[in-house]
Amino acid sequence: MQTVLITGGSSGIGFEISKYFAKAGYQILWVSLLEEELQSAKVVLQKDYPDSLIETLVLDLSKENAAQETYDWVQSKQWRVDVLINNAGIGTYGFANEQSLEKEVAMIQLNVLSVFKLTRLFLKDMLERDAGTIINISSNTSFQPVPKMSAYAATKSFVKHYTESLVEEMKALKSKVKIMTVCPAAIKNTPFKNAAKMQKVKTFEGLASTTKEEVAKDVWNGFQKGKSFVASGAKLRRLMWLTPIFPHSLVQFLLRDELSEKE
Ligand SMILES: NC(=O)c1ccc[n+]([C@@H]2O[C@H](COP(=O)([O-])OP(=O)(O)OC[C@H]3O[C@@H](n4cnc5c(N)ncnc54)[C@H](OP(=O)(O)O)[C@@H]3O)[C@@H](O)[C@H]2O)c1
């Protein structure tokens with residue numbers, strides 16, 4: 001049986017992606033923050049896929065040692081992770097100088113360092129087996145500077161650049177390990193926007209917005225095709241054809257509007 005480890009698998013796009021893996025008969029390992037949510041999500045998924053094996057670990061991935069704890073948990077159970085999906089992440093919204101320094105440091109730890117460390121830990125085993133897939137969830141905010149999401153966009157740029165570099169390294173090493181970067185557009189229907197205090201922000205209904213269902217489908221299709229990069233959301237993919245011909249000032253004007261709040 002194949003095994004997928006999905007951080008933040010108990011809600012949002014992580015949960016939607018889990019449905020595809022459950023349907024395909026994978027054992028699912030979830031690592032998330034909230035015990036209650038992990039347990040209720042497990043009940044919901046097993047209702048639709050009664051044979052699915054789901055194991056859970058309650059862990060704060062913004063803590064320094066969390067990636068190692070995750071890896072040690074997997075090792076202690078003698079599971080082999082065939083697919084790692086680094087999905088857990090949070091956002092902050094507003095002018096940089098108005099943000100809580102503590103919260104943004106925790107976000108960097110979660111969105112960057114845990115992704116980096118988990119990738120390093122599991123990539124080593126995958127390279128030894130010359131098999132496996134790592135999928136890192138970045139964002140369309142990684143494409144350019146994003147006013148009012150400066151630190152979040154920078155974390156997602158790290159994820160995109162790092163992951164895309166690994167794709168090239170796998171080619172250089174002639175490795176069969178697959179690496180995929182996913183950049184979803186703003187997603188209307190996950191808890192992310194509430195957690196980031198972005199309930200009124202236009203982008204979730206804006207030019208490129210998408211849904212958790214569409215993102216999960218794009219991730220699954222990209223994984224099936226062995227893609228290295230997925231821009232998620234049909235509207236985003238259409239816009240991406242146009243943005244290279246837009247002047248930087250126009251892109252920033254549109255972004256300022258997208259990132260502003262509805263009246
Ligand atoms: N929503 C968007 O517009 C959007 C757009 C592009 C990219 N993304 C990215 O997509 C990913 C998933 O987001 P989503 O939209 O599906 O939102 P979500 O439902 O809020 O998912 C975030 C997941 O991360 C987990 N998590 C948060 N803090 C954690 C911590 N300290 N330790 C362990 N787990 C933690 C959450 O677990 P608990 O529920 O247990 O707290 C939750 O399962 C994120 O990386 C996000 O940056 C989102």
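Start at 1 and go down the list; that is how both ligands and their atoms are numbered. For the numbers below, each heavy atom of this structure counts, side chains included, while hydrogens, waters and symmetry mates do not. Fair warning: this is a prediction, and the values are worked out from it, not measured in the lab.
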What residue and atom, counting heavy atoms only, is the protein's closest point to [atom], and at what distance?
atom: atom 5 (C) of ligand 1; answer: Ala185 O, 3.3 Å
atom: atom 20 (O) of ligand 1; answer: Phe192 N, 3.5 Å
atom: atom 3 (O) of ligand 1; answer: Ile187 N, 2.8 Å
atom: atom 47 (O) of ligand 1; answer: Tyr152 OH, 2.7 Å
atom: atom 28 (N) of ligand 1; answer: Leu110 CD2, 3.5 Å
atom: atom 40 (O) of ligand 1; answer: Leu34 N, 2.9 Å
atom: atom 23 (C) of ligand 1; answer: Gly8 CA, 3.8 Å
atom: atom 34 (N) of ligand 1; answer: Leu33 N, 3.6 Å

Any N/O of Val31 closer than 3.5 Å to an N/O of ligand 1? no
Looking only at N/O atoms, are Glu37 and ligand 1 under 3.5 Å apart anywhere? yes
For atom [atom1] of [X], decide whether the heavy atoms of other residues, nucleotides or ligands shown that lie under 6.0 angstrom number more than 12.
X: Arg129; atom1: CZ; value: yes
X: Lys217; atom1: NZ; value: no
X: Lys178; atom1: NZ; value: no
X: Lys23; atom1: NZ; value: no
X: Glu98; atom1: CD; value: yes

Using the ring of each side chain (for Trp, its six-membered ring), is [X] parallel, tilted or perpendicular to [Y], with breaks at 30° and 60°?
X: Tyr20; Y: Trp220; result: parallel
X: Phe122; Y: Tyr71; result: perpendicular
X: Trp73; Y: Trp79; result: perpendicular
X: Trp30; Y: Phe15; result: tilted

With a 4.0 Å cut-off on heavy atoms, does Ala106 reach ligand 1? no
Does ligand 1 have any atom that is closer than 4.0 Å to a heavy atom of Lys156? yes
When you compare the side chains of Glu37 and Ser10, does any donor N or O come within less than 3.5 Å of an acceptor on the partner? yes
Check the side chains of Ser175 and Asp130 for a donor-acceptor pair under 3.5 angstrom, ignoring hydrogens and angles. yes
What are the atoms of ligand 1, with element, lying closer than 4.0 Å to any heavy atom of [X]?
X: Gly89; value: 22 (C), 24 (O), 44 (C), 45 (O)
X: Asp60; value: 30 (C), 31 (N), 32 (N)
X: Ile90; value: 27 (C), 28 (N)
X: Gly12; value: 16 (O), 19 (O)
X: Phe204; value: 3 (O)
X: Leu59; value: 32 (N), 33 (C)
X: Ala186; value: 3 (O)
X: Leu61; value: 30 (C), 31 (N), 32 (N), 33 (C)

Candidate with minimal heavy-atom separation from [atom], of [options]:
atom: atom 15 (O) of ligand 1; options: Thr190, Asn86, Thr70; result: Thr190
atom: atom 26 (N) of ligand 1; options: Gly91, Ala88, Ser11, Ala66; result: Ala88
atom: atom 6 (C) of ligand 1; options: Ser62, Pro184, Ala196; result: Pro184
atom: atom 45 (O) of ligand 1; options: Ile13, Asn87, Ile137; result: Asn87

Can Gln109 and Ser62 be said to form a side-chain hydrogen bond (donor to acceptor under 3.5 Å, both in side chains), step by step? CA-CA 5 Å; Gln109 183 76 40; Ser62 70; over 6 Å; no
Do the non-hydrogen side-chain atoms of Val159 and Ile137 ever get within less than 4.5 Å of each other? no
The single option from Leu118, Leu29, Leu121, Asn65 passing side chain to side chain contact (heavy atoms under 4.5 Å, CB included) against Thr70: Leu118
